[in-house]
**Q** 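Structure in structure tokens, see below.
As the structure lists them, so they are numbered: ligands from 1, and atoms in each ligand from 1. Counting begins at 1 with the first residue of the sequence.
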Amino acid sequence: MNIILLGPPGAGKGTQAKLLEQGRGMKQLSTGDMLRAAVAAGSEIGLKAKAIMDRGDLVSDEVILAVVGERMSQPDIKAGVVFDGFPRTPAQAEALDGMLAARGQKVDAVVEMKVEDEELVKRISGRFTCAACGKGYHDSFDKPKKDGICDVCGGSKFIRRADDNEKTVRDRLTVYNKQTAPLVNYYAKRGNLHSVDGMADIKVVTASIGRILDGI
Ligand code: ADP
Ligand code: AMP
């Protein structure tokens, strides 16, 4: 099963994608994580992407589709993918339809996660992740059970993203509304769009997504 978590930055896509990996054995494909890995590795793609990401703009469709195409060719991803942060433009959505059709698959469900702007700013301003396993946390909403120790892997080093500041968040929301929000209509027309209240507690959102996936 291939599903897309569609929503603005801070909606909880990464949080829910990781829970779907644990609960349903699906694979998270986060283009943001892949680009950050490319930046950390100092690769050609990373060098090109860094300044664009720091100012909250979108990396070009051409670069993103090359990165996703490469990942989709790997065998571990055949059983099903949770797309997180991809697609972000109509061109990316069309390309994804083509990539899946080529392997006899489709987008089985798109889950739109609705969250108000001021909540998004609060969430992103308090976001941090475990440097070792990538588990996401929040200063107030989702703290590690033991202060300074990752619940999942026991790691003790945490990182905050360079683009997780209030100014860039507001720019990223503008970019989302302009370039990505039209995808809601794109998928509504195809009949595979579902919406959840992303303002609810993490566990409640997980249960809502679970009900959608069980129903398809
Ligand atoms: P996205 O991947 O959509 O950008 P994240 O999953 O990284 O968003 O979530 C952004 C921040 O909000 C993280 O710090 C996360 O711990 C927190 N968060 C995620 N879902 C919820 C929720 N339902 N309620 C409160 N905080 C949440
Ligand atoms: P994210 O981790 O999803 O919040 O993405 C972080 C940043 O990476 C975005 O602000 C963009 O600059 C870039 N990015 C991630 N995914 C995409 C995509 N599908 N298309 C274009 N840019 C992307």
**Q** Out of Ile202, Leu6, Asp197, Val204, whose heavy atom is nearest to atom 20 (N) of ligand 1?
**A**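 Looking at heavy atoms only, the winner is Ile202.
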**Q** Does only the side chain of Leu58 get under 4.0 Å from ligand 2, or the backbone, or both, or neither? Count heavy atoms.
**A**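 For Leu58, the contact with ligand 2 is made by both the backbone and the side chain.
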**Q** Using the salt bridge (charged side-chain N to carboxylate O under 4.0 Å, His left out) rule, take Lys143 and Asp147 through it: C-alpha gap first, then chi angles, then the decisive distance, then the call.
**A** CA-CA 8 Å; Lys143 293 195 252 190; Asp147 203 21; over 6 Å; no
**Q** Identify, by atom number and element, the atoms of ligand 1 in contact range of Ala11, meaning under 4.0 Å from any of its heavy atoms.
**A**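 Listed by number with element: 3 (O), 8 (O).
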**Q** Checking a contact table here: which protein heavy atom is nearest atom 22 (N) of ligand 2, and how many Å away?
**A**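 Protein heavy atom with the smallest distance to atom 22 (N) of ligand 2: Val59 N, 3.1 Å.
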**Q** Is it the case that over 12 heavy atoms from other parts of the model lie below 6.0 angstrom from the CD atom of Glu116?
**A**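 Incorrect, the count does not exceed 12.
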**Q** Carefully, step by step, assess Leu29 and Met72 under the rule side chain to side chain contact (heavy atoms under 4.5 Å, CB included).
**A** CA-CA 9 Å; Leu29 190 159; Met72 296 281 284; 4.1 Å; yes
**Q** Take Arg170 and Glu118 through the salt bridge (charged side-chain N to carboxylate O under 4.0 Å, His left out) test and state the conclusion after the steps.
**A** CA-CA 10 Å; Arg170 294 204 184 271; Glu118 289 317 306; 3.2 Å; yes
**Q** Distance to 0.1 Å, residue and atom name: give those for the protein heavy atom nearest to atom 16 (N) of ligand 2.
**A**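 Result: Thr31 OG1, 2.8 Å.
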**Q** Taking the six-membered ring for Trp, are Phe86 and Phe83 parallel (under 30°), tilted (30 to 60°) or perpendicular (over 60°)?
**A**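 Tilted: the ring planes of Phe86 and Phe83 meet at 30° to 60°.
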**Q** Name the one of Asp54, Asp164, Asp57 that satisfies salt bridge (Lys or Arg N to Asp or Glu O under 4.0 Å) with Arg172?
**A**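 Going through the options one by one, the only one that passes is Asp164.
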**Q** Could an N or O of ligand 1 be found under 3.5 Å from any N or O of Ile124, whether backbone or side chain?
**A**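 No; the residue has no nitrogen or oxygen that sits under 3.5 Å from a nitrogen or oxygen of the ligand.
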**Q** Thinking salt bridges, do Arg190 and Asp97 make one under a 4.0 Å N-O criterion?
**A**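 Result for this pair is yes, salt bridge flagged.
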**Q** Students should be able to answer this: which protein heavy-atom is nearest to atom 13 (C) of ligand 2, and at what distance?
**A**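 Ranked first by proximity to atom 13 (C) of ligand 2 is Leu35 CD1, 3.5 Å.
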**Q** Based purely on interatomic distance, does Gly56 place a nitrogen or oxygen under 3.5 Å from a nitrogen or oxygen of ligand 2?
**A**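 N/O-N/O distance under 3.5 Å: no.
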**Q** Using heavy atoms and a threshold below 4.0 Å, how should the contact between Arg161 and ligand 2 be classified: side chain, backbone, both, or neither?
**A**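 Answer for Arg161: side chain.
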**Q** So for atom CD, which belongs to Glu62, do other residues, nucleotides or ligands contribute more than 12 heavy atoms lying within a distance under 6.0 Å?
**A**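 At most 12 heavy atoms, drawn from other residues, nucleotides or ligands, come within 6.0 Å of this atom.
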**Q** Using distance alone, decide if ligand 1 has a nitrogen or oxygen within less than 3.5 Å of any nitrogen or oxygen in Gly126.
**A**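 In fact, backbone or side chain, Gly126 has no N or O that close.
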**Q** Compare Glu119, Arg127, Arg123 and give the one whose heavy atom is closest to atom 27 (C) of ligand 1.
**A**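 It is Arg123 that holds the nearest heavy atom.
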**Q** Below 4.0 Å, non-hydrogen atoms only: which portion of Ala17 touches ligand 1? Side chain, backbone, both or neither.
**A**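 No part of Ala17 is near ligand 1 at this cut-off.
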**Q** Going by atom types alone, do Ser125 and Glu166 pair a side-chain donor with an acceptor below 3.5 Å?
**A**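 No, because no side-chain N or O of Ser125 sits under 3.5 Å from a partner of the opposite role on Glu166.
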**Q** Which of the atoms of ligand 1 are close to Asp142, meaning less than 4.0 Å from one of its heavy atoms?
**A**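 Ligand 1 atoms under the 4.0 Å threshold to Asp142: 16 (O).
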**Q** Decide yes or no for Val152 and Cys130: does some side-chain heavy atom of the first lie under 4.5 Å from some side-chain heavy atom of the second?
**A**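 Not in contact.
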**Q** I need the atoms of ligand 1 closer than 4.0 Å to a non-hydrogen atom of Asp201, numbered in the order shown.
**A**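 Near Asp201, meaning under 4.0 Å from one of its heavy atoms, ligand 1 has 23 (N).
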**Q** May I ask you to decide whether Lys135 forms a salt bridge with Asp142, counting only side-chain N to carboxylate O separations under 4.0 Å?
**A**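 Looking at Asp142 together with Lys135, the answer is yes, because their closest N to O distance falls below 4.0 Å.
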**Q** Side chain, backbone, both or neither: which part of Thr15 has a heavy atom under 4.0 Å from ligand 1?
**A**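 Both backbone and side chain.
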**Q** What are the atoms of ligand 2, with element, lying closer than 4.0 Å to any heavy atom of Gln92?
**A**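 Within the 4.0 Å cut-off of Gln92, ligand 2 contributes 18 (C), 19 (N), 20 (N), 21 (C).
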**Q** Answer yes or no: does an N/O atom from Pro9 fall short of 3.5 Å to an N/O atom of ligand 1?
**A**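 Among all N and O atoms of Pro9, none is under 3.5 Å from an N or O of ligand 1.
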**Q** Heavy atoms only: which of Asp57, Asp33, Val39 lies closest to atom 12 (O) of ligand 2?
**A**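 Going through Asp57, Asp33, Val39 one by one, Asp57 has the nearest heavy atom to atom 12 (O) of ligand 2.
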**Q** With atoms numbered from 1 as shown, which atoms in ligand 2 lie under 4.0 angstrom from a non-hydrogen atom of Arg36?
**A**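 Here the atoms of ligand 2 in question are 2 (O), 6 (C).
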**Q** Do Arg160 and Phe158 form a cation-pi contact, if we require the NZ or CZ to be under 6.0 Å from the six-membered ring centre and within 45 degrees of the ring's axis?
**A**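 Not satisfied by the 6.0 Å and 45° rule.
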**Q** So which protein heavy atom does atom 8 (O) of ligand 1 come closest to, and at what separation?
**A**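 Protein heavy atom with the smallest distance to atom 8 (O) of ligand 1: Gly12 N, 3.2 Å.
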**Q** Taking 4.0 Å as the limit for heavy-atom contacts, which would you say applies to Ile64 with ligand 2: side chain only, backbone only, both, or neither?
**A**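 Within the 4.0 Å criterion, Ile64 contacts ligand 2 through side-chain atoms alone.
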**Q** For Pro8 and Leu173, work out which heavy atoms get closest and say how close.
**A**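 Closest approach of Pro8 to Leu173, heavy atoms only: CB-CD2, 3.9 Å.
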**Q** Does Met34 come within less than 4.0 Å of ligand 2, judged by its heavy atoms?
**A**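 No.
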**Q** Going by the closest heavy atom to atom 5 (O) of ligand 2, which one wins out of Met53, Arg172, Arg88?
**A**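 Shortest heavy-atom distance from atom 5 (O) of ligand 2: Arg88.
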**Q** List ligand 1 atoms under 4.0 Å from His138, heavy atoms only on the residue side.
**A**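 Result: 14 (O), 16 (O).
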**Q** Looking at atom 23 (N) of ligand 1, what's its closest protein heavy atom, distance included?
**A**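 In this structure, atom 23 (N) of ligand 1 has Ala200 O, 2.8 Å as its nearest protein heavy atom.
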**Q** Is there a salt bridge (charged side-chain N to carboxylate O under 4.0 Å, His left out) between Asp76 and Lys78? Walk through the geometry before answering.
**A** CA-CA 6 Å; Asp76 65 310; Lys78 288 228 161 66; over 6 Å; no
**Q** Would Thr168 and Asp163 count as having a side-chain donor-acceptor pair, cut-off 3.5 Å?
**A**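 Note: Thr168 and Asp163 side chains miss the donor-acceptor criterion.
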**Q** What about Lys13: any of its N or O atoms under 3.5 Å from an N or O on ligand 1?
**A**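 Yes: some nitrogen or oxygen of Lys13 is under 3.5 Å from one in ligand 1.
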**Q** Evaluate the side-chain proximity of Asp197 to Val205: yes if any heavy-atom separation is below 4.5 Å, no if none is.
**A**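 Sidechains of Asp197 and Val205: no contact.
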**Q** Kindly confirm or rule out an N or O of Phe141 lying under 3.5 angstrom from an N or O of ligand 1.
**A**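 Between Phe141 and ligand 1 (N or O atoms, distance only) the closest approach is not under 3.5 Å.
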**Q** Should you measure from each heavy atom of Gly85, which atoms of ligand 2 turn up under 4.0 Å away?
**A**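 Ligand 2 atoms under the 4.0 Å threshold to Gly85: 16 (N), 17 (C), 18 (C), 19 (N).
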**Q** Could you find the nearest protein heavy atom to atom 2 (O) of ligand 1 and give me its residue, atom name and distance?
**A**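 In this structure, atom 2 (O) of ligand 1 has Gly14 N, 2.8 Å as its nearest protein heavy atom.
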**Q** Identify the closest protein heavy atom to atom 14 (O) of ligand 1: which residue and atom is it, and at what distance?
**A**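 Nearest neighbour among protein heavy atoms for atom 14 (O) of ligand 1, to 0.1 Å: Tyr137 O, 2.7 Å.
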**Q** May I have the step-by-step check of salt bridge (charged side-chain N to carboxylate O under 4.0 Å, His left out) for Asp214 and Arg211, ending in yes or no?
**A** CA-CA 5 Å; Asp214 290 341; Arg211 278 194 296 276; over 6 Å; no
**Q** Do you see a donor-acceptor pair shorter than 3.5 Å between the side chains of Tyr176 and Asp117?
**A**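 There is no such pair (donor and acceptor under 3.5 Å, judged by atom type) between the side chains of Tyr176 and Asp117.
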**Q** Does Gly7 have a heavy atom less than 4.0 Å from any atom of ligand 1?
**A**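 Gly7: no contact with ligand 1 (<4.0 Å).
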